[in-house]
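Since the structure comes first, as structure tokens, the remarks are kept for the end.
Note that the structure is predicted; figures quoted are calculated from it, not measured. One-based numbering, in listed order, for ligands and for the atoms of each.
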Amino acid sequence: MENVLILDGSKVASEIKDQLQKKVEVLTEKGIVPCLATILVGDDPSSATYVKMKGNACKRIGMISKRIDLPKETTTEELLNVIHELNDDENIHGILLQHPVPAQIDERAAFEAISIEKDVDGVTSLGFGQTALGFGEYPSCTPAAIIEIIDYYNLPIEGKHAVVIGRSPILGKPVSMMLLNRNATVTTCHSRTQNLPQIVKQADIIVAAVGKANFVQGDWVKEGAVILDAGYNEGNVGDVDYDACFAKASAITPVPGGVGPVTISMLLKQTVAAAEKISVKTQL
Ligand code: NAP
């Protein structure tokens, strides 16, 4: 396609952060500094990098980032105790438990322990359920980022056929629900899907959330499709074969600089929103 629109996530993220910085200033003047607590269990280097990036992004806009590092031997009970303390701490507005946690921990139990008011990463089943029903306040951040990018560029969702590749609880499933709530016709694909290329070929909107580098091929893409690549694989490579898909798409997110930076902005946005709620409550 000629004139392919590159969906510039870095630009979208930077505009969101500028707006948030002003909100943080207003809240800080009222004595409420939005605070995100991040919990990292173990020493996985990629997880440590993600947590550091999130913490730095908080600080850059004047928020507080409280980082809790726990040893890799941490038990479920110990982690739950930490989460309960954070739930009770009125200076903490959002809690992020970095996924994945070591195998001995019941990750689902840990996610469920996060109070819904502080579930700014949309990981609890209540948060997911609310998102699916269309009134979730804090959806999972990567799906929220995908919708944010589509809206920023005024790309239509209603009536379009969206094909989501991936069905993880933090990405494929919630983004499918969010697109459905916006009146797309949604097909969610996964590792047992048959005839995947033929299904993708019918898509007006393709969301790639597979976790496999360069997975979506150019000849799977219908001319003029909008492509959102949530993938982030080793070597800064997305789930979409960018050059081949670019040739077919009408709009596409690059990797890096697409969905990733907006995901972090959504985490900040949802934490600031949680802090604003406290501010409204304390004024009553
Ligand atoms: P995940 O939990 O591993 O889920 C991958 C999904 O892809 C699963 O539903 C799986 O199907 C499906 N899948 C695997 N192989 C497939 C195949 N051959 N055909 C069709 N579907 C297939 O991964 P995730 O956490 O959702 O992450 C997906 C990607 O997004 C990764 O690259 C990750 O790094 C990236 N990510 C990016 C951000 C960001 O901020 N940009 C945030 C989170 C994740 P089954 O369910 O059948 O196993």
Report task. For atom 34 (O) of ligand 1, grab the closest protein heavy atom and report residue, atom and distance to one decimal in Å. Result -> Y232 O, 3.1 Å
Report task. State whether a side-chain donor-acceptor pair under 3.5 Å links E112 with S125. Result -> yes
Report summary line: Under 4.0 Å from one or more heavy atoms of D239, ligand 1 contributes atoms 29 (C), 32 (O)
**Report entry** Whether over 12 other heavy atoms sit under 6.0 Å from E234 CD
**Finding:** no
Requested in this report: Hey, could you give me the NZ/CD1 distance between K22 and I61, rounded to the nearest 0.5 Å?
Outcome: 12.0 Å
Query raised in the report: Does a donor on one side chain sit under 3.5 Å from an acceptor on the other, for Y152 and E15?
Result: yes
Report summary line: To the nearest 0.5 Å, atom OH of Y232 lies from atom OG1 of T263 at 11.5 Å
Query raised in the report: Does Q198 CD have over 12 foreign heavy atoms under 6.0 Å away?
Result: yes
Report task. Would you check if there is a donor-acceptor pair between the side chains of Q98 and K54 at a distance under 3.5 Å? Result -> yes
Report summary line: So the atoms of ligand 1 within less than 4.0 Å of a heavy atom of T142 turn out to be 38 (C), 39 (C), 40 (O), 42 (C), 43 (C)
Report task. Would you indicate whether K17, at its atom NZ, is surrounded by more than 12 heavy atoms from other residues, nucleotides or ligands within a distance under 6.0 Å? Result -> yes
Report task. Could you tell me which atoms of ligand 1, counted from 1 in the order shown, lie closer than 4.0 angstrom to a heavy atom of I170? Result -> 25 (O), 43 (C)
Requested in this report: Quick one: look up the protein heavy atom nearest atom 48 (O) of ligand 1 and list residue, atom name and how far away it is.
Outcome: S191 OG, 3.6 Å
**Report entry** K23 atom NZ: more than 12 heavy-atom contacts under 6.0 Å
**Finding:** no
Report summary line: Within 4.0 Å of some non-hydrogen atom of F215, the atoms of ligand 1 are 17 (C), 18 (N), 19 (N)
Query - atom 27 (O) of ligand 1: nearest protein contact (heavy atom, Å) - result: L171 CD1, 3.7 Å
Requested in this report: Check if G172 has a non-hydrogen atom at a distance under 4.0 Å from any atom of ligand 1.
Outcome: no
Report summary line: Nearest heavy atom to atom 16 (C) of ligand 1, choosing from V200, T253, V210, V237, belongs to V210
Query raised in the report: Of all the non-hydrogen atoms in the protein, which one sits nearest to atom 15 (N) of ligand 1, and at what distance?
Result: K212 NZ, 2.9 Å
**Report entry** Contacting atoms of ligand 1, where contact means under 4.0 angstrom from a heavy atom of A230
**Finding:** 30 (O), 35 (C), 36 (N), 37 (C), 38 (C), 41 (N)
**Report entry** Atoms of ligand 1 close to N233 [distance to a heavy atom under 4.0 angstrom, numbered from 1]
**Finding:** 32 (O)
Query raised in the report: What atoms of ligand 1 come closer than 4.0 angstrom to any heavy atom of T263?
Result: 39 (C), 40 (O)
Query raised in the report: Do you see a donor-acceptor pair shorter than 3.5 Å between the side chains of D119 and T124?
Result: yes
Report summary line: Taking only non-hydrogen atoms of G211 and a 4.0 Å limit, the atoms of ligand 1 in range are 28 (C), 29 (C), 31 (C), 32 (O)
**Report entry** Nearest candidate to atom 46 (O) of ligand 1, where distance is taken over non-hydrogen atoms, out of M53, H190, R167
**Finding:** R167
Query raised in the report: Are any of the N or O atoms of S168 closer than 3.5 Å to those of ligand 1?
Result: yes
